[in-house]
Amino acid sequence: MPELAAPLVEWYRENARDLPWRRPGFGAWGVLVSEFMLQQTPVNRVIPHLEAWLERWPTPADLAAAPPADAVRQWANLGYPRRALWLHRAAVEIRDRHDGVVPRDVDALLALTGIGDYTARAVAVFAYGDRHPVVDTNTRRVLARAIDGRSQPGPPSRRDLEAMTAILPDDVETAAVVNAAAMELGATVCIARIPRCDACPLRDRCAWRAAGYPDTGDERRKQAKYEGSDRQVRGAVLKTLRDAASHAVPLLEVVPDWPDPQQRDRAIDSLIADGLAEASDGLLRLPA
DNA sequence: TATGCGTGGGT
DNA sequence: TACCCAAGCAT
């Protein structure tokens, strides 16, 4: 296997974006919040919301003391609002189980609501500087191309962690940079649609490039159509609740003109089941 | 392992 | 215009 770490590190030193969570002393809580927001939401949309969030809730205990409704409202239009609920639960867990301090141990992080393989290691590495493989969708694409000679990565797998571990240097600080560099390269150069191989530090050792850019197919599942979907109704219902000045909306006034009333009612039920809404006395509201 | 889960910008 | 895509997670 070609040596990938050295060119990645050199490239990252020159080309890393200046992002808020990379500032020295940003703090583990800030990193954790940023990672929650970055789960499936682009960087540029996250930044303003992250800053507002941390200004309002500078510590896990501050968020834990607020009602979940405030978290869901502050989440605004970032998407996947369950993440707001999960982040709030994680804050409560951090307060109750870790004395209000974001844990450093990967297994302790994994035990928090809303934190999986990626986020746990991202916090341990980027907030605390420990040595673990951090693998996100960008890294998986970079490794799939550079090492496996494929155009796109397959579905996420635990093998991804092993593949990243294989290129991680022993030095702790350099290992963190390699993790960040692989993600950054995938986010800005080795992008999904039209990669900018002329700007890639791995171009001379990339298996995919060497093989002539074969289209190996895309094993990832396609996103379901959004128009007319349950997700779209859920989003409309939740937006109504977020925007309600009175913090409660008569059920009859919740997305009243949706073309499929039964679908809308199912969506309301599912939001209640998820803990994102509460119903009483014919009113719907965010969770207190 | 496969599926459901928001929202908006890019092409 | 219709896709495609985005630092995943829980079930």
Side-chain angles (χ1 to χ4, degrees), chain A residues 16-17 19-22 30-50 72 75-87 89-90 109-127 132-143 151-161 164 176 179-188 190-195 218-242 255 263 266-267 269-271 273-277:
Chain A
R17 291 168 293 176
L19 300 173
W21 45 91
R22 291 178 178 165
V31 170
L32 189 152
V33 174
S34 77
E35 295 299 349
F36 265 84
M37 290 184 172
L38 288 163
Q39 291 169 2
Q40 300 283 277
T41 300
V43 164
N44 289 336
R45 288 182 56 206
V46 161
I47 290 175
H49 288 279
L50 173 66
V72 174
W75 197 259
N77 62 345
L78 278 174
Y80 289 147
R82 292 191 290 193
R83 291 181 292 162
L85 216 50
W86 292 343
L87 177 52
R89 287 179 194 159
L109 287 161
L110 283 169
L112 298 174
T113 300
I115 292 189
D117 283 331
Y118 165 74
T119 303
R121 290 171 178 79
V123 170
V125 171
F126 301 136
H132 304 281
V134 181
V135 178
D136 74 336
T137 186
N138 294 305
T139 295
R140 293 195 303 108
R141 184 171 52 250
V142 168
L143 297 180
S151 57
Q152 302 287 344
S157 156
R158 299 207 70 88
R159 298 178 191 281
D160 301 332
L161 291 179
M164 190 62 197
N179 277 312
M183 292 172 60
E184 185 76 351
L185 188 68
T188 63
C190 192
I191 54 181
R193 204 87 65 96
I194 305 172
D218 192 341
E219 297 179 12
R220 297 170 306 166
R221 61 198 167 90
K222 287 184 177 176
Q223 259 180 11
K225 183 188 293 187
Y226 183 66
E227 190 66 27
S229 67
D230 289 0
R231 293 154 81 171
Q232 186 182 29
V233 205
R234 282 169 56 104
V237 170
L238 211 53
K239 175 170 172 52
T240 299
L241 298 185
R242 284 199 311 265
V255 199
Q263 182 189 35
R266 284 200 311 274
D269 288 343
S270 75
L271 287 167
D274 288 348
L276 280 164

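Below, read A as the first sequence line, B as the second, and so on, with proteins coming before strands; counting in each chain starts at 1. Everything numeric here is computed off the predicted structure, so don't read it as measured data.
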query: With the threshold set at 4.0 Å, does a side-chain nitrogen-carboxylate oxygen contact exist between A/E184 and A/R22?
result: yes
- prompt: Between B/dG8 and C/dA10, how far is it from one P atom to the other, in whole Å?
  reply: 24 Å
- prompt: Contact class for A/R266 (heavy atom, under 4.0 Å): base, sugar-phosphate, or nothing?
  reply: nothing
- request: For A/R158, enumerate each residue passing the salt bridge (charged side-chain N to carboxylate O under 4.0 Å, His left out) test, keeping only those at least two apart in sequence or located in another chain.
  value: A/D117
- request: To the nearest Å, give me how far apart CG (A/L276) and C1' (B/dG6) are.
  value: 11 Å
query: Taking protein heavy atoms under 4.0 Å as touching, what does nucleotides 4-11 of chain C look like 5' to 3' if B marks base contact, S marks sugar-phosphate-only contact and - marks none?
result: BBBBBSS-
- prompt: Under 4.0 Å: is that the gap between some side-chain N or O of A/N77 and OP1 or OP2 of B/dG6?
  reply: no
task: Measure the distance from CZ on A/R159 to P on B/dT1 and round it to the nearest whole Å.
output: 8 Å
message: I need the CD-P distance between A/Q263 and B/dG4, as an integer number of Å.
response: 13 Å
A/R83 CZ to A/T119 OG1 distance, which is reported to the nearest 0.5 Å: 10.0 Å
task: Taking salt bridge (charged side-chain N to carboxylate O under 4.0 Å, His left out) as the test, write out the residues that go with A/D274, two or more places apart.
output: A/R234
message: Both A/A76 and A/P156 contact DNA chain B. Which one's nearest nucleotide lies toward the 5' end?
response: A/P156
task: Using atom CE of A/M37 as one end and atom P of B/dG8 as the other, report the distance to the nearest whole Å.
output: 15 Å
field: Those residues that, when tested against A/R140, pass side chain to side chain donor-acceptor pair (under 3.5 Å) (two or more places apart)
entry: none
- request: Using atom OH of A/Y226 as one end and atom P of B/dG4 as the other, report the distance to the nearest whole Å.
  value: 15 Å
- request: Hey, which sits more toward the 5' end of DNA chain B by its nearest nucleotide, A/A236 or A/A224?
  value: A/A224
statement: Taken in chain and number order and not counting sequence neighbours, the residues that satisfy side chain to side chain donor-acceptor pair (under 3.5 Å) with A/T188 are none
- prompt: Looking only at atom P, what distance separates C/dA7 and B/dG4, rounded to whole Å?
  reply: 23 Å
Any residue meeting side chain to side chain donor-acceptor pair (under 3.5 Å) with A/Q152, in chain and number order, not counting sequence neighbours: none
